[in-house]
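Note sheet for the following structure.
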Amino acid sequence: MAATVDARGFSCPQPVLMTLQAIKATNPSELVVLVDTDTSKENVVRAAQSQGYAVKEVSEEGEGIPHLH
């Protein structure tokens with residue numbers, strides 16, 4: 001089951017920090033990150049990729065939900 005980070009309503013860099021914290025705390029095999037701005041979406045994707053995760057899917061449902069592996 002995927003871990004989920006709900007970073008909607010937060011402005012950068014908070015969504016990135018929340019994503020990195022979840023990665024470090026649980027090292028999930030899959031992480032769903034909920035964001036509500038394009039800037040946050042792009043920054044979260046870059047941050048996750050820097051930690052070795054690949055972007056599986058970015059969905060506009062709910063204003064941008066990167067699925068990371």
Side-chain angles (χ1 to χ4, degrees):
M1 185 165 155
T4 300
V5 173
D6 187 351
R8 292 174 291 188
F10 293 96
S11 58
C12 278
Q14 195 63 31
V16 169
L17 297 173
M18 293 169 71
T19 300
L20 294 175
Q21 182 179 20
I23 289 171
K24 290 178 184 176
T26 62
N27 194 26
S29 60
E30 185 174 345
L31 180 63
V32 176
V33 182
L34 307 173
V35 296
D36 53 6
T37 68
D38 286 336
T39 301
S40 292
K41 178 177 63 177
E42 292 167 10
N43 291 339
V44 164
V45 167
R46 278 196 299 270
Q49 288 173 331
S50 77
Q51 299 299 304
Y53 284 78
V55 177
K56 178 181 174 188
E57 175 185 352
V58 175
S59 172
E60 293 303 320
E61 179 181 309
E63 292 296 322
I65 305 171
H67 293 268
L68 314 168
H69 283 278

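Heavy atoms only: backbone and side chains are in, while hydrogens, waters and symmetry mates are out.
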* To do: Supply the atom-to-atom distance E42 CD to T37 OG1, rounded to the nearest 0.5 angstrom.
  =>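 If I round to the nearest 0.5 Å, the distance is 8.5 Å.
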* To do: To the nearest 0.5 angstrom, please state how far the CD atom of Q21 sits from the OG1 atom of T26.
  => 10.0 Å
Contacts table for residues 43-52: side-chain donor-acceptor under 3.5 angstrom, sequence neighbours left out:
residue, atom, partner, partner atom, Å
N43, OD1, R46, NH2, 2.4
N43, ND2, T39, O, 3.3
S50, OG, A47, O, 2.6

* Asked: Which heavy atom of Y53 sits nearest a heavy atom of P28, and at what distance?
  -> OH-O, 2.6 Å
* **Donor-acceptor pair, side chain of D36 and main chain of R8, under 3.5 angstrom** =>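 Such a contact is absent between D36 side chain and R8 backbone.
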* Asked: Can you list the residues that meet the side chain to side chain contact (heavy atoms under 4.5 Å, CB included) rule with T4, with sequence neighbours excluded?
  ->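 Listed in chain order: V32, L34.
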